[in-house]
Amino acid sequence: MSFFLSHFNYIAVAILMMAGLFVLFSSGNLIKRMIGLAIFQTSTGLFYISLAKVFGGTAAIAVEPGSSEARELASRLDPAYVAQYGVDGVVYSNPLPHVLILTAIVVGVATLAVGLAIAVRVREAFGSVEADEIDVLSRVEATQPGPQA
Amino acid sequence: MTVDRLLDLAATINPGFYLIIAALPAAVARDAFTRAVALIGGPVLGLLAMLYPPVSGADVSRQLFLGFELSLYRSDSLSLIFGLGFVLAAVLGGIYSMHRRDRLQDAAGLVYAGAALGAIFAGDLITLVLFAELATLASALVVFAARTGPAYRAGLRFLTIQIIAGLLLTAGAALYGVEKGTFLIAELGGLWNGLIVGIIDPTSAGGMLILAGVGIKAAFPLVHNWLTDAYPNTTETGAVVLSPYTTTMAVYLLARFFAGYDPLIWIGAAMTIYPVFFAVMENDLRKVLAYSTNNQIGFMVCAVGIGSTLSINGAAAHAVAHIVFKGLLFMAMGAIQLRLGTTKASELGGLHRTMPWTALACLVGAASISALPFFAGYTSKTMIMTAAESGPGMFVVWLMLLFASAGVLEHSGIKIPFMAFFSHDSGKRPEEAPYNMLLAMGLSAGLCLIIGLYPGWFYQLLPFRDQAQEFLVQDLFSLSHILQQLQLLTFAVLAFMVLWWFGLYPPEKPGVILDVEWIWRKGAPMLGRALSKPARAGGRFVSVLTSSAIGGIQKASRQVFAADGLVSRKLPLSATAILALCILGVVMLFSMFR
Amino acid sequence: MLLAAGAAGLLAAMAMVIVRAIIGPSHYDRILAVNSFGTKTVLLLSLVGFLFGRPAFLDIAIVYALINFVTTIALMKFFRYRSLAQPLGLSAGEEARDG
Amino acid sequence: MTALPSSFDVTLALDIVLLVMLLVVAGAVARTRSLLAAIIMFSVYSLISAVWLVVMDAPDVAFTEAVVGAGVSTIILLGAILLTRGEAERPDWRRLIAPALACIAVGGLLVFAAIGLPGLGDAASPANAYVGRAYLEATPKDIGMPNVVTAVLSSYRSFDTLGETTVIFAAGVGVALMLGFGPRASLAPPSAVIGDHHVVPRVAAKLLIPLVALFAFYVQFHGDLGAGGGFQAGVIMAAAIILHALVFGLRETMAAIPPRVARSLASLGVLLYAGIGVICMMNGGGFLDYDYLFPPSVEQQIPGWLLGDSEHAHHWGQHFGIMLIELGVLLTVSATMVTIFYGFGGRTVEAARQEAKQ
Amino acid sequence: MTYLPGLILALAAFWFALSGETAPLFLMLGALSVLLTLWLVARLKIIDRDASPYHHAPNILVYGGWLLVEIVKANLAVIRRILGPTHAIDPVMVNVTTTARTNLGKALFANSITLTPGTVTVDVDGDRLKVHALVRETSTAQSFAPMDRKAASAADGRKS
Amino acid sequence: MDSVLSWIGGGFVVAGVALSLLGAIGVLRFPDFYTRIHAASITDTGGASLVLLGLCLIAGLTLTTLKLVFVWVFVMLTTPVAANALANAAFSSGHKPRIGTFQIVRTDERRKTPRGPDAP
Amino acid sequence: MIAFETLHAAPPALTAHAPLLMVVAPLIAACAAALAPSARVSWMISVTGSVFAAWMALAVAGEVARRGVVDYVIGGFAPPLGIALHIDGLGVMVALLVSSAGVMASLYSGHSLTTEVGAEKHTLVQSGFLLCQTGLLGLVATGDAFNAFVFLEVSSIGTYALVAIGEKRDRRALPAAFNYLIMGTIGATFYVIGIGFLYAATGTLNMADMAARLATLDDSSVVQAGFAFVVVGLGIKAAMFPLHGWLPGAYSYAPSLISIFLAATATKTSIYLMARFVFDVFPYGAAFGQAFVTWVLAPLAATGAIVCSLQAVFEKEIRRILAFSSVAQVGFILLGLSLATVGGASAGLFYLGAHALIKITLFMALGGVALSLGARRLGEFAGVAREAPWSATAFAIGAASLAGVPLTLGFLAKWRLIEAALQAGAIWVVVVLAIASLLTFLYVGRMLEAIFFRAAPAGAPRAREAPVGVLAPLWVLAGLNIWFGLDASLPEQLANSAARALLGAAP
């Protein structure tokens with residue numbers, strides 16, 4: 001397997017990250033920015049999951065040792081390979097990054113929700129979700145006294 | 001028994017604290033009595049603490065702090081004479097400003113005096129720096145207390161430069177102390193003729209920083225503006241409160257740290273000369289006094305630089321005398337300011353009719369500053385002149401000092417009282433100054449005379465007592481000195497009158513030529529006047545240049561840093577994010593391809 | 001082998017639908033494409049399970065079928081009512097429930 | 001490198017094709033100006049990445065990505081653009097140069113850094129050989145459940161999951177603070193009965209909602225056997241309720257599940273989770289050490305037949321501990337998602353009304 | 001209330017089909033889940049006949065078989081047009097009236113129309129349906145009649 | 001027996017995928033939105049049914065088969081509703097077709113205007 | 001002075017679990033506060049939770065003083081499989097800081113919320129505030145790199161919305177919160193990516209384990225990339241110049257409760273984590289670490305200290321002045337750390353604590369007054385000292401401390417920095433400090449001048465003195481500023497042990 005193929009995932013992840021960030025930078029629209037941010041965050045997940053993949057591995061949900069399913073899975077692989085890297089005759093992918101990314105996805109959706117909620121309030125307060133216009137309006141605000149309690 | 005122990009305990013406290021503590025009642029009290037008690041009582045307590053029991057050359061209260069031994073209170077003859085001056089100034093200033101119900105200024109003034117006093121009696125660099133910083137802040141408050149726009153701006157400028165000085169001082173002290181492993185004054189240097197002076201090596205990094213900091217506080221040439229800027233902008237009593245401490249403290253510090261450091265001679269000499277031109281041309285009499293302060297400090301700096309026992313005695317004596325007579329002059333001007341709201345020479349004149357006592361006090365002050373024999377200034381300045389005269393290769397310095405003396409006569413001795421009280425009648429008939437002012441002025445004037453007439457007890461207090469006694473007996477009232485001084489005086493008065501009559505003040509033509517001395521005395525002013533125009537132009541050019549440069553920098557930095565400025569405005573979200581990305585790249589580059 | 005071929009074919013179909021989703025031209029076209037894409041995803045998910053010898057992950061396919069529906073309803077309400085809160089129109093008769 | 005398993009070709013092919021699709025879709029998101037199109041493409045992005053995750057042996061993550069990415073995120077985004085109205089303005093291309101350059105440069109560096117990473121599927125890489133493998137080996141004897149991901153998630157790294165649940169709760173609090181306190185008058189029933197054009201979705205929804213809810217419970221309770229768990233179940237449950245709200249109106253749903261109840265349930269879920277931890281602590285173990293969930297006397301009395309066979313030694317503490325905390329997660333997640341939907345959905349009308357007034 | 005047992009049964013069957021676990025714990029959890037689901041659905045007030053057509057299941061299954069055949073036929077017809085030249089399609093919108101009385105019947109009919117490629121229900125308003133058809137000639141109001149009859153009878157539970 | 005069923009199942013899968021491909025081609029080729037719906041429904045019905053049927057055959061009589069059936073049921077249940085909802089949204093907001101007659105027959109008295117109170 | 005070695009603050013049963021309870025107590029309180037029936041009850045819950053957390057932090061402090069390091073295994077699985085809390089001298093210091101700031105802020109919140117936030121939101125605001133506290137304490141306590149991310153987000157997510165509700169007083173809070181969210185998320189995601197690289201290189205997530213394994217690795221591009229991402233990500237969270245764009249808005253427009261708490265803690269914990277990574281996790285001495293500290297961290301910190309001080313000088317809104325000052329002070333702290341000596345680290349950490357105390361004093365004093373005045377810009381604070389002398393005086397004390405006036409904590413902090421810089425021979429640091437301190441004097445002077453020396457224009461709204469509920473914690477804080485300025489042995493002890501924990505046992 002060529003080097004390019006074995007590292008294609010990382011290259012793709014790098015590009016996705018940058019694409020997400022680019023969406024974030026290039027657009028003044030708050031909603032669009034949140035989408036960019038979401039893409040950026042998701043790409044992190046892709047990175048972790050790519051790390052966790054194991055040749056010939058299967059999802060880290062234990063197969064009953066000795067069952068037909070286990071035999072079937074093992075039969076696809078080199079026995080030496082299974083002996084070295086398998087657990088009870090089955091090769092599994094690494095579960096840890098999956099766990100981490102589950103958490104990261106949750107964090108992502110939480111961020112998205114809060115960010116969009118704030119964006120909605122921005123729209124209600126400023127009448128716009130374009131960063132440039134909000135900047136202009138904010139600067140007007142700076143010259144006015146605050147409300148008194 | 002217990003009283004004794006209490007007294008002993010009280011005597012271990014740095015006298016400055018008494019004044020600082022007294023600031024508290026002064027800050028809150030509303031009735032005149034409490035104020036009076038606080039304003040007078042604080043300094044008096046300080047004085048008593050200073051004198052009881054007379055401890056000399058000892059670190060009274062040592063403390064461990066941040067791993068270094070500190071001494072909050074150390075007293076010797078050098079500190080004592082300066083301290084005496086400060087306490088006198090505090091008492092007089094207190095009396096003088098009694099009519100003015102300004103708690104901020106009173107409290108700040110007391111703190112200022114206390115902090116200055118504390119610095120004088122500090123036994124180590126840290127304590128000293130702390131007190132000096134406190135004094136800085138308090139003094140700024142005194143300026144602010146005028147509560148006018150110009151005062152505010154002047155105060156900010158004042159604060160800025162004082163803080164720079166303070167930081168330099170702090171950094172220098174830290175550097176020096178860390179380098180030497182101790183901050184204690186007693187351990188930094190050895191005794192010299194029974195006194196610890198000149199203890200800091202000005203060529204070390206820390207020493208340079210300290211020198212720079214003290215130099216600013218002493219208003220060395222080119223960094224003197226704060227002084228002439230701040231003093232005239234205070235309240236009528238503010239200048240009186242302000243004038244005694246900062247610069248005098250700087251002189252003390254110079255004496256303590258750098259006595260005998262040759263460059264100080266030249267710096268001092270320069271300091272004596274250049275303010276003369278400005279003072280002569282200045283219209284605002286309080287500003288004239290500020291310039292004159294500059295000039296007087298120059299004498300002291302020069303004396304410190306000479307570094308003989310005589311000269312240090314002279315510096316200390318002149319410092320105290322200066323406190324008294326300059327205070328007196330400021331008081332007189334303050335009275336005018338109070339009554340007329342201005343001290344511009346062009347708007348004054350003929351005030352002696354209704355303010356006779358003030359005029360009299362002013363005359364005494366003017367005589368003192370002019371070093372008229374039998375007045376305070378003469379007692380001290382003669383010592384400096386003698387020291388300068390006697391040194392090898394000091395002829396030029398001596399001439400410079402002489403010229404400066406003439407200048408002092410010109411602007412402070414003659415111009416101030418003449419312009420204010422006599423001169424042409426401005427038609428103004430202000431009331432005589434309030435009683436408390438008169439009392440303060442009277443006391444000051446009395447002091448001037450006492451020092452001038454009976455210098456013996458005064459000389460007892462000087463750092464090098466024996467040498468001072470010797471000088472008293474041999475030199476002070478020697479004919480040559482008196483004659484010299486009188487010649488100087490006559491010349492100056494003559495010159496002034498001639499020029500005045502010709503309506504050419506500042507004068508264009510020299511007066512009488514008597515002898516070599518007179519030639520010099522004539523030629524020097526001529527030269528000065530000849531130089532004054534280009535100097536003025538140059539000065540203006542420099543000041544325009546600096547002010548426009550400062551303005552430009554300020555404008556530019558406002559454009560860059562203000563809320564809608566370059567940095568803040570151009571740093572919205574995406575820019576920050578891109579920066580984050582760039583820094584990420586930089587960090588990666590650094591770690592990978594270093 | 002046939003399954004692999006099937007997966008390849010589905011991927012090709014998905015790619016085509018993505019092209020439609022990108023070029024539009026109307027939003028309805030895009031949603032249609034996404035919808036169709038969703039169905040293909042369900043199929044691919046089922047297929048991949050068999051392909052990798054772990055057919056137990058059909059739950060994901062089921063979930064997809066269900067979630068896709070919710071999203072489409074939301075999109076419809078977006079176009080139809082510009083609101084997510086509005087009920088889908090009720091006829092008068094339906095208020096009386098037989099339960 | 002050990003001989004490649006033959007099936008890996010297929011995996012790799014799928015992997016690469018799906019990633020290319022992802023790139024294309026991400027490019028489309030970046031390019032499009034229409035927000036709606038961007039959202040639609042973003043949901044496609046989620047779909048593709050879910051399939052990719054299955055290919056990469058991460059069914060649990062795929063599950064989550066499916067329910068979150070294609071479901072909740074899209075609906076929230078829709079709610080947001082309903083409330084904000086607008087197309088993204090086309091930025092001046094000159095302003096894009098700096099970001100583009102920065103992105104390209106850092107992307108290049110990233111690729112350069114990735115060269116040092118072990119290739120895809122390397123079983124001997126540190127990531128896969130050390131702790132990852134240790135989990136696979138330790139789970140059967142420590143926890144005794146087939147789904148290692150669930151075991152790691154809710155037992156080995158249960159503190160992470162507590163934090164994750166808290167994050168969701170915090171998001172609920174945040175959205176409620178932002179959007180949740182508008183006047184509710186807008187949710188009054190529509191004044192005029194409007195035509196009935198929606199028999200079909202309504203019938204379908206009625207049919208589906210019970211099934212979806214039950215499916216959520218299934219996912220919840222079988223998280224230790226197969227893909228799934230409290231989080232996924234919570235989102236599916238929320239999807240059922242959201243579907244109800246979409247079809248029958250927010251007012252109806254709020255009548256059944258008032259916003260305040262939803263918020264309370266969210267915090268109760270976290271409390272349940274943390275409470276389990278505290279109970280373990282009070283029974284003498286560490287925080288969240290499920291082996292101490294039951295005092296030994298109680299644990300001995302749990303009949304073995306509950307799990308069908310009495311001869312196996314069961315980790316009852318682990319089983320019930322995980323089940324209970326997953327229940328907490330379910331509560332928090334579903335209640336929070338509903339709260340979030342209430343926030344965006346309930347706001348829709350208000351914004352529209354305000355606009356109508358102006 | 002005939003539909004409630006149907007719903008419970010259906011839910012239980014659904015659970016068991018998904019789970020397949022026979023351990024008592026899981027069965028108990030299943031029962032709990034069904035109960036919770038019912039409670040939720042009851043709170044949401046959507047338990048009615050539409051929500052639970054399961055007692056019609058046999059009828060609907062028979063109908064489903066017939067529909068499958070229709071779907072296959074329609075599939076072939078549309079594939080021809082996909083592969084053929086574009087102008088072969090001739091879309092049209094037709095109004096169709098349904099005889100189904102219940103919502104379930106209407107929905108079943110409308111969905112059946114949508115499921116057969118070539119026709120899509122666009123709108124259901126009372127008993128009138130708007131249907132968009134790909135081919136004009138095979139899509140007249142009458143051509144939907146058999147489907148309508150069968151769907152209505154299957155869902156409404158009456159003989160046509 | 002097993003392998004024979006697998007092959008047959010595989011065949012069904014391939015056939016279903018072929019239908020899906022055709023549907024996708026239709027979605028690409030057809031001229032406007034309304035016609036594309038028809039093409040898309042090929043995937044939803046024929047394609048999905050065949051693929052899932054094939055998988056059922058491969059799986060044999062196991063729980064998996066039941067789940068496949070559920071997938072199928074759900075697909076069959078949701079896709080037409082989705083298509084209907086989509087078409088309805090397009091139609092009611094006045095999205096015009098590019099070809100064919102598009103008789104917007106409004107026989108409903110309550111909706112005199114194309115944009116009612118419920119329209120945006 | 002407290003000798004921590006002899007501190008047995010809590011019964012042994014609690015002490016054994018203290019590291020964990022410190023984190024979980026606010027979490028449980030947060031849930032309870034969200035359930036509370038009224039604002040009053042939720043406030044009481046909030047105070048109770050914060051006080052309990054602070055109590056536990058004290059108990060941990062005792063343990064750490066006795067044992068050096070406290071480890072607490074969660075779930076019965078020792079790392080690297082499980083997650084363990086790991087608190088050393090540094091952690092204790094920051095934990096004490098956060099929890100005591102939490103106590104002060106929660107005490108303060110009883111008053112401020114009533115005027116700043118709609119009544120119906122109080123319970124949720126308290127809940128969010130407690131969540132934020134949980135996150136920060138968890139971040140400090142955890143010994144697991146990924147767990148740290150989770151708690152980073154716990155603290156952030158709630159905070160974003162809490163900042164945004166400042167919109168009731170100033171609508172600019174909304175875009176500020178949004179920017180904060182974007183930058184915060186980018187930072188956190190960078191951190192996660194970095195952890196991913198590190199995980200790829202080491203295979204573990206436990207920080208101690210990671211450090212041990214990194215020490216045996218050659219520094220590959222993977223480790224370096226991980227380092228870069230972690231450091232820059234945390235740099236964003238810590239508002240390291242020039243990544244501070246989000247901070248001024250977030251701090252100045254948030255409700256005062258939030259600014260108080262954030263200003264004292266948020267960036268500090270990120271700095272803490274960054275320090276742990278730079279010095280602890282990565283083998284310090286690895287060339288890339290040193291290159292970073294010397295060529296990136298120190299120059300940026302210096303630039304930040306000066307530029308942001310300048311911005312503060314030219315700023316018109318008083319809370320923004322303080323916010324910019326915060327960024328500048330972050331520069332000070334980082335400068336201290338970048339000296340990479342025990343003295344430098346100790347000074348930097350001392351400064352960290354001092355600055356937290358100072359900023360919480362300032363923001364609280366300001367909050368108390370500004371609330372009733374509705375003022376933003378300097379000019380509007382004219383004459384406040386007359387109307388609200390107690391608050392104004394406390395503000396003055398805090399300001400003096402910020403400027404580094406002798407006899408205050410701020411002076412000692414600056415002093416120690418200078419001393420450390422001199423000992424390390426970094427004269428340029430002293431110069432930077434001097435310049436920045438000077439600028440500090442300028443903007444502090446501007447603020448004090450406005451508050452004390454300017455008369456309020458006629459007809460201007462009159463400020464009201466803050467109620468006792470605010471004044472009490474405020475004056476405790478102000479008093480601490482003075483007290484520590486005179487006797488700094490307590491913070492010194494903490495900072496020194498923290499610095500030793502960070503840079504090894506060498507004195």
Side-chain angles (χ1 to χ4, degrees), chain D residues 109-110 112-118 125-135 138 142 152 155-164 166-178 180-181 263-264 266-271 274-275 277-278 280-281 285-292, chain G residues 17 20-21 24 27-28 30-35 72-77 80-83 85 118 120-121 124-125 127-128 131-132 134-135 138 142 144 146-147 150-151 153-154 156-158 160-162 164-165 197 199-206 209 213 220-226 228:
Chain D
L109 279 173
L110 210 54
F112 181 80
I115 289 173
L117 287 168
S125 72
N128 296 333
Y130 180 37
V131 178
R133 191 178 159 82
Y135 283 125
D142 281 350
V152 176
S155 194
Y156 290 106
R157 296 186 70 86
S158 50
F159 202 49
D160 260 1
T161 311
L162 176 62
E164 168 197 330
T166 314
V167 166
I168 279 290
F169 174 55
V173 169
V175 174
L177 275 175
M178 287 285 91
F181 293 99
R263 286 205 297 272
S264 305
S267 74
L268 276 178
V270 182
L271 267 186
V278 173
C280 299
M281 209 154 87
F287 187 71
L288 289 172
D289 189 348
Y290 309 128
D291 290 333
Y292 290 84
Chain G
H17 295 290
L20 184 106
L21 286 172
V24 173
L27 171 60
I28 292 178
C31 300
L35 289 172
Y72 183 89
V73 171
I74 292 171
F77 301 105
L81 283 193
I83 293 177
L85 304 182
E120 74 281 2
K121 296 186 183 177
L124 286 186
V125 171
S127 176
L131 285 176
C132 181
T134 308
T142 188
D144 188 280
F146 194 82
N147 198 236
V150 174
F151 279 106
E153 285 295 315
V154 169
S156 305
I157 298 257
Y160 301 144
L162 290 181
I165 54 169
F197 274 107
Y199 175 69
T202 61
T204 181
L205 291 169
N206 184 273
D209 200 19
R213 291 174 75 91
S220 63
S221 65
V222 178
V223 178
Q224 288 153 358

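To find a chain, count down the sequence lines: A is the first, B the second, and so on, and within it residues start at 1.
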### Message
Is V154(G) close to chain D through its backbone or its side chain, or both, or neither, when contacts mean heavy atoms under 4.5 Å?
### Response
both

### Task
Can you see which heavy atom on Y130(D) is nearest to which on P80(G), and at what distance?
OH-CG, 3.5 Å

### Message
Using 0.5 Å steps for rounding, measure from the CZ atom of F169(D) to the SG atom of C31(G).
### Response
5.0 Å

### Message
Donor-acceptor check, side chain of Y72(G) to backbone of F287(D), threshold 3.5 angstrom: yes or no?
### Response
yes

### Query
When only pairs under 4.5 Å are counted, which of V167(D), D291(D), D160(D), L288(D) shares the most heavy-atom pairs with chain G?
D160(D)

### Engaged part of A201(G) at the chain D interface, taking heavy atoms whose separation is under 4.5 Å
backbone

### Query
Of the backbone (N, CA, C, O) and the side chain (C-beta and beyond), which part of V223(G) lies under 4.5 Å from a heavy atom of chain D, both, or neither?
neither

### Message
Only pairs of heavy atoms separated by less than 4.5 Å count here; which of S155(D), G275(D), A274(D), A129(D) has the most with chain G?
### Response
S155(D)

### Query
Side-chain contact, heavy-atom cut-off 4.5 Å: F197(G) with L110(D)?
yes

### Query
Do V131(D) and L205(G) touch side chain to side chain, with heavy atoms closer than 4.5 Å?
no

### Task
Report yes if the distance between the aromatic ring centroids of F151(G) and F159(D) is under 6.0 Å, otherwise no.
yes

### Query
Where is the tightest heavy-atom contact between D289(D) and G75(G), given as atom of each residue plus distance?
OD1-O, 3.5 Å

#### Entry: Atom of G174(D), atom of A161(G) and distance for their closest heavy-atom approach
CA-CB, 3.3 Å

### Message
Ignoring hydrogens, what is the shortest heavy-atom contact between S267(D) and A34(G)? Give both atom names and the distance.
### Response
CB-CB, 4.1 Å

### Task
Below 4.5 Å from any heavy atom of chain G, which atoms of S125(D) appear? Answer side chain, backbone, both or neither.
neither

### Message
What part of R263(D) gets within 4.5 angstrom of chain G, counting heavy atoms only: side chain, backbone, both, or neither?
### Response
side chain

### Message
Using heavy-atom distances under 4.5 Å, tell me whether A138(D) contacts chain G through its side chain, its backbone, both, or neither.
### Response
side chain

### Close side-chain approach of P126(D) to T202(G), heavy-atom, < 4.5 Å
no

### Query
What part of V152(D) is in contact with chain G, defined as an atom under 4.5 angstrom from a non-hydrogen atom: side chain, backbone, both or neither?
neither

#### Entry: Nearest non-hydrogen partners of E164(D) and V150(G), listed with the distance
N-CG1, 3.7 Å

### Contacting region of D144(G) [heavy-atom separation from chain D under 4.5 Å]
side chain

### Query
For the residue pair V173(D) and L124(G), what are the closest heavy atoms and their distance?
CG1-O, 3.6 Å

### Query
Between L162(G), L81(G), L35(G), I74(G), which residue shows the highest count of heavy-atom pairs closer than 4.5 Å to chain D?
L81(G)

### Task
Identify which part of I28(G) has an atom lying under 4.5 Å from any heavy atom of chain D, answering side chain, backbone, both or neither.
both

### Summary
Whatever's closer than 4.5 Å to a heavy atom in chain G on I168(D) counts as neither

### Query
Of the backbone (N, CA, C, O) and the side chain (C-beta and beyond), which part of L27(G) lies under 4.5 Å from a heavy atom of chain D, both, or neither?
side chain

### Query
Under the side chain to side chain contact (heavy atoms under 4.5 Å, CB included) criterion, do M178(D) and I165(G) qualify, and how do the steps go?
CA-CA 7 Å; M178(D) 287 285 91; I165(G) 54 169; 3.7 Å; yes

### Query
Based on non-hydrogen pairs under 4.5 Å, which of I157(G), L131(G), N147(G) is most in contact with chain D?
N147(G)

### Query
Is chain D contacted by the side chain of L20(G), its backbone, both, or neither, given a heavy-atom distance below 4.5 Å?
side chain

